[in-house]
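These values consider heavy atoms only, across backbone and side chains, with no hydrogens, waters or symmetry-generated copies. Every chain is numbered from 1 and lettered A, B, ... according to where its sequence line falls, protein lines coming before strand lines.
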2 protein chains.
Amino acid sequence: MSSTDELTIDLEAALKALASDRRLQILDWLKDPAANFPPQEHGDPVEHGACNQYIVEKLGVSQPAGSRHLKVLVDADLAIATRRKGWVYYRRNEPAIDAVVRAMSQI
Amino acid sequence: MSSTDELTIDLEAALKALASDRRLQILDWLKDPAANFPPQEHGDPVEHGACNQYIVEKLGVSQPAGSRHLKVLVDADLAIATRRKGWVYYRRNEPAIDAVVRAMSQI
DNA sequence: TAGCCATATAACGTATTAGCTATATAGCTA
DNA sequence: TAGCTATATAGCTAATACGTTATATGGCTA
């Protein structure tokens, strides 16, 4: 594998996942979890992201609705979930997001 | 207006329009209409793009289905329609597409 | 003007998406 | 192990998307 290898992405699937104000908002918040969410007892915001609960609350939707948005992002490989001490933390998958941006530049 | 002005775009709307293999394919074909479609009697491929009919045929869907895909692209401002001698020609809206790509780079 | 051809719209069926409430699961914690 | 809390799934409704066929529109052309 050389440094020029790019992740293979499913552009249509990624765009479907991104074509939602709610999910764009989540990804934006996750650029800086420490600034956008309350302090967390467990799970470093920078390393692991923000917990499901905080994201749901900030979105202002029901817990299942928020949970599903996060699942869409994870399924599209745009976010990564980390389970830790009973909470699930979500963070951006930067390499995959970069790959989508690169693919977009050739559209 | 300075040269640094950017088009204001509705990113969610643009991504919804792009989140379709069929429409990504259309935009790709329209990068080079002369190479991707048969010769046209009227309407310069480079200037005006390809006519509805050729796009529909190449997509392999019914005429109304193709027509609606094109309408989605036009409504999202990603394509431009030109009516001429009874045909409608479609071409890419490069400035708008560029604006989407720029917006995406900040996602 | 009359007819014709390209394109758009209407109407309909099916699949997907997004919200909700209710419930199940997972896994700490005591 | 038992209970509790966080998260995920199930089941429902409403809205949206995409395909079809049938029909309407628009505007050349003769």
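Within 6.0 Å of NZ in B:Lys71 there are 12 or fewer heavy atoms belonging to other residues, nucleotides or ligands.
Side-chain contact annotation: B:Arg22 with B:His69, donor-acceptor N/O pair under 3.5 Å absent.
Both A:Pro64 and B:Leu70 sit near DNA chain C, but only B:Leu70 has its closest nucleotide nearer the 5' end. Remark on DNA chain D: of its neighbouring residues A:Arg68 and A:Ala81, the 5'-side contact belongs to A:Ala81, judged by nearest-heavy-atom nucleotide.
A donor and an acceptor atom never sit less than 3.5 Å apart when one is taken from the side chain of B:Gln63 and the other from the base of C:dA6.
Among the atoms of the strands shown, only primed sugar atoms or phosphate atoms (P, OP1, OP2) are found under 4.0 Å from some heavy atom of A:Ala65. Within 4.0 Å of A:Arg22, counting heavy atoms only, lie sugar-phosphate atoms of the nucleic acid but no base atom.
Contact record, B:Asp77 with B:Ala96: O-CB, 3.2 Å, taken as the closest heavy-atom pair.
Contact check, A:Ser62 against C:dC20: a side-chain N or O comes under 4.0 Å of OP1 or OP2. Residue A:Arg84 places no side-chain N or O under 4.0 Å from the OP1 or OP2 atom of D:dA6. Contact annotation: B:Ser67 reaches the phosphate of C:dA8 (side-chain N/O to OP1 or OP2, under 4.0 Å).
Counting only heavy atoms from C-beta on, B:Tyr90 has its side chain closest to C:dT7 among C:dA18, C:dT21, C:dT7.
If you take NZ of B:Lys85 and P of C:dT7, they are 15 Å apart, rounded to a whole angstrom. For the pair A:Asp75 CG and C:dA18 C1', the interatomic distance rounds to 15 Å; values are reported in whole Å. Look at NE2 on A:His69: it is 15 Å from C1' on D:dA8, rounded to the nearest Å. For the pair B:Trp87 CH2 and D:dT25 P, the computed distance is 22 Å after rounding to whole Å. Note: CZ (B:Arg83) to C1' (D:dC28) measures 12 Å, nearest angstrom. Distance CD (B:Gln53) to C1' (C:dC4): 13 Å, rounded to an integer number of Å. Per the geometry, NZ belonging to B:Lys16 stands 10 Å off C1' belonging to C:dA18, to the nearest Å. Rounded to whole Å, atom C1' of C:dA6 lies 17 Å from atom NZ of B:Lys71.
The aromatic rings of A:Trp29 and A:Phe37 lie perpendicular to each other, with more than 60° between the two planes, well past the 30° mark.
Base pairing of D:dT20: its partner is C:dA11, meeting the Watson-Crick or G-U wobble criterion (both donor-acceptor distances under 3.5 Å).
A continuous path of ILVMFWY side-chain contacts below 4.5 Å connects A:Ile107 to B:Tyr90, so both sit in one hydrophobic cluster.
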